[in-house]
Amino acid sequence: MKRWWVAGLALAALSMASAQTVVRLQGFGGNDTAIISSLVREVVNPALQKDNIRAEYQGVEGDYRAALLNALSAGTAADLFYVDIFWSEPLFASGRVEPLNRYFTQQELSVFNRNLLNAFTLRGNVYGLPKDFNTLAVQFNKDLFDEAKVPYPNQTDTWDTFKDKLKRVQAALKDVAGLCVVADHARFGAFAYATGWRPFNAQGRTVLDANFRRAFEWYTSLVKDGAGKYAQDLGEGWTGGCFGAERAAVAIEGAWIGGFLRDKAPNMRYGTTLIPLDPVTKQRGNFIFTVSWSMNAASRNKEAAAKVLRALTSPEAQNWILSRGLALPSRSALANSPIFQRPGKENELNRVVFQGSTSVGGAVLPFKFGSLDGGEWMRPINEALLAVITGKKSVDQALADAQAELNRLVR
C-alpha cells in the first residue's frame, strides 16, 4: 500500500513539473549572468509560481549581437532576449521581434520613462520594454579641484564656464588634464544635440550644419586651449580610465563608472553634475543608452513570456536592481526612490544620471541611428574629431571630408 502511495506522489509531482511552462531568457554574459539569474530566482520566479511558469536565464559570452541573430535565423533563440538600442531598429523592422502592444495596456506602458519607451518604438509599435538605462554626466575629482583652488563644476555651467574651470585646473596642476578628451561621437554628440542639431533631418539625411560646427569647434578646441588632453596621450582609451588614474580632473561617463571607481579608486572624493549648457541655446544635450527585454516573434510561449516580461520590469524587480546599485530603473515613479536621496558619491552619481533622462537633461536622444549601422555612421565624425584634435586637419577640411563620407553612406 505504501509503495502505491509513494508512486502516486511521484506521478503527481511529475505531472505538475510537466505542466510548468519554461520561458527562456537570453542576454549578456559576464556579470549579467549572475545578476539576472539572482533576480529571476529571488523575485521573478516566486511572482510567477501561481501561474506555473518558470524563467531561466542564459548569458551569452562574446559577440552577443551575432549570437542572437544566428539563433533567430536557426530558430533557437530564447523567448525573451536583450536588444541593444544601438542596433535595435533593423532587428525590429525584420519581423523577428514581437510587437508588445497586444500584451500590455497603454496604462501599463505609461509607467516607463517616455524617452526610454520611445527608444524601442517603431512605427507606433512597442518592440521592447526598457530593462534599465544610462545617460552621460560630469564626474569631477573634488581633491584636485580643491588643490587647484577652482570651484567645482555645477549644473549652471555653460560650455564657457566649464571650459574655464578645466583650464584653471590644468594650469594649476601641471601633471593633470582638465578633461580627458576622446574622439568619439558617443561623448561629443551630447554637445551637438544641445545646439539643436539632429543626426538626421526631415529628409533622412545627415547635414553637418552651422550648429554642428559650433559644437565641433568648441569640443575640439579643448585640447588646443589647454582645457584637456587627448586620451591616448594620457595612456588611456576612455575618460573614466583617465579619471580613475587621476590623470584628469573630470570625466564624462554614465553610471557604469561607479563600479569601476569603486574598484580602481575607492577613496577618491568625487562629485557628479549635469552636462554643461550650450551658452547660445541655454540647453544641454544627452544620450540615452539602454537595452530592452524583447519577445521572440517565433516563441511558442508568448502569453507566458509576457507574464515573465511583466515580472522582469515590475517595481519589485527594479527596486531589487536599484537597491544593489546595479543599474538605473526604467520606471518613472522610481525617480523618487529614497535610494536616490541617500548621501554618498555613488547615490549622487545615479541620481544625476537618472535626471539626465528627464526634461532637466534637455535634448535627450536615444543612442541609435535608424536603419543604419551606428558604427559606420559615427566613423566619419569620429575621424574628423581625431584629425582636428591631433592637428592633422583644419576644421574646414575635416568637416568637408566627413560630410562627403556621410553623403555616401546616407543617400
Side-chain angles (χ1 to χ4, degrees), residues 21 23 25 27 36 39-40 42-55 78-85 88-89 91-93 95-135 288-297 299 301-323 326-341 350-351 353-361 364-366 368:
T21 301
V23 173
L25 315 177
I36 302 301
L39 173 68
V40 166
E42 296 177 25
V43 179
V44 175
N45 278 344
L48 296 168
Q49 202 167 18
K50 64 182 186 309
D51 297 312
N52 212 18
I53 296 171
R54 179 166 55 86
D79 301 292
L80 295 172
F81 43 73
Y82 288 1
V83 175
D84 192 312
I85 190 174
S88 60
E89 284 200 14
L91 181 58
F92 294 159
R96 292 174 171 172
V97 180
E98 179 81 358
L100 300 177
N101 306 66
R102 61 172 288 215
Y103 304 95
F104 294 85
T105 66
Q106 281 301 312
Q107 187 176 3
E108 286 178 308
L109 295 175
S110 68
V111 302
F112 293 95
N113 179 305
R114 176 50 57 184
N115 280 329
L116 297 179
L117 199 63
N118 286 344
F120 297 112
T121 300
L122 181 65
R123 301 182 192 116
N125 287 322
V126 176
Y127 285 93
L129 297 187
K131 183 175 77 71
D132 49 41
F133 75 100
N134 258 288
T135 66
I288 282 185
F289 306 92
T290 182
V291 171
S292 73
W293 280 112
S294 293
M295 188 187 297
N296 187 346
S299 169
N301 302 311
K302 291 179 184 174
E303 294 297 335
K307 291 181 179 179
V308 174
L309 184 47
R310 196 172 278 108
L312 280 167
T313 55
S314 67
E316 293 76 15
Q318 296 212 330
N319 265 317
W320 187 94
I321 293 282
L322 180 60
S323 65
L326 299 172
L328 299 182
S330 54
R331 285 176 169 263
S332 301
L334 292 181
N336 300 318
S337 168
I339 295 171
F340 280 130
Q341 307 311 318
N350 289 334
R351 182 170 65 250
V353 170
F354 192 98
Q355 289 174 337
S357 70
T358 68
S359 58
V360 178
V364 187
L365 273 67
K368 66 178 184 177

Within this structure, what is the [atom1]-[atom2] distance for the pair [X] and [Y], rounded to the nearest 0.5 Å?
X    : Y    : atom1 : atom2 : result
E98  : N125 : CD    : CG    : 9.5 Å
T290 : N134 : OG1   : CG    : 9.0 Å
E108 : L100 : CD    : CG    : 11.0 Å
L80  : S294 : CG    : OG    : 8.5 Å
E316 : I321 : CD    : CD1   : 13.0 Å

Is [Y] close to [X] at the side-chain level, that is, under 4.5 Å between some pair of heavy atoms?
X    : Y    : result
F81  : V97  : yes
I85  : F120 : yes
L312 : L25  : yes
L365 : N115 : no
K307 : Y103 : no
L322 : S337 : yes
T313 : F112 : yes

**Message:** Applying side-chain hydrogen bond (donor to acceptor under 3.5 Å, both in side chains), can you list everything that pairs with K131, at least two apart in sequence or on another chain?
**Reply:**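 Checked K131 against side-chain hydrogen bond (donor to acceptor under 3.5 Å, both in side chains); zero matches.
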**Item:** Exercise: do S357 and N113 side chains pair donor with acceptor under 3.5 Å
**Value:**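 Short answer, yes.
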**Prompt:** Counting heavy atoms not belonging to Q341, are there more than 12 under 6.0 Å from its CD?
**Reply:**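 Enclosed: over 12 neighbouring heavy atoms sit under 6.0 Å from CD of Q341.
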**Message:** Take a 6.0 Å sphere around NZ of K302 and say whether it holds more than 12 heavy atoms from other residues, nucleotides or ligands.
**Reply:**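 Enclosed: over 12 neighbouring heavy atoms sit under 6.0 Å from NZ of K302.
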**Request:** Search all heavy atoms of E42 against all heavy atoms of P46 and return the closest pair with its distance.
**Result:**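 In this case the closest contact between E42 and P46 is O-CG, 3.6 Å.
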**Qualifying residues under ring pair (Phe, Tyr, Trp, His ring centres under 6.0 Å), relative to F354, sequence neighbours excluded** =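 Expected list: F133, F340.
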**Prompt:** Taking only residues two or more places apart in sequence, or in another chain, which ones meet F104 in a ring pair (Phe, Tyr, Trp, His ring centres under 6.0 Å)?
**Reply:**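 None.
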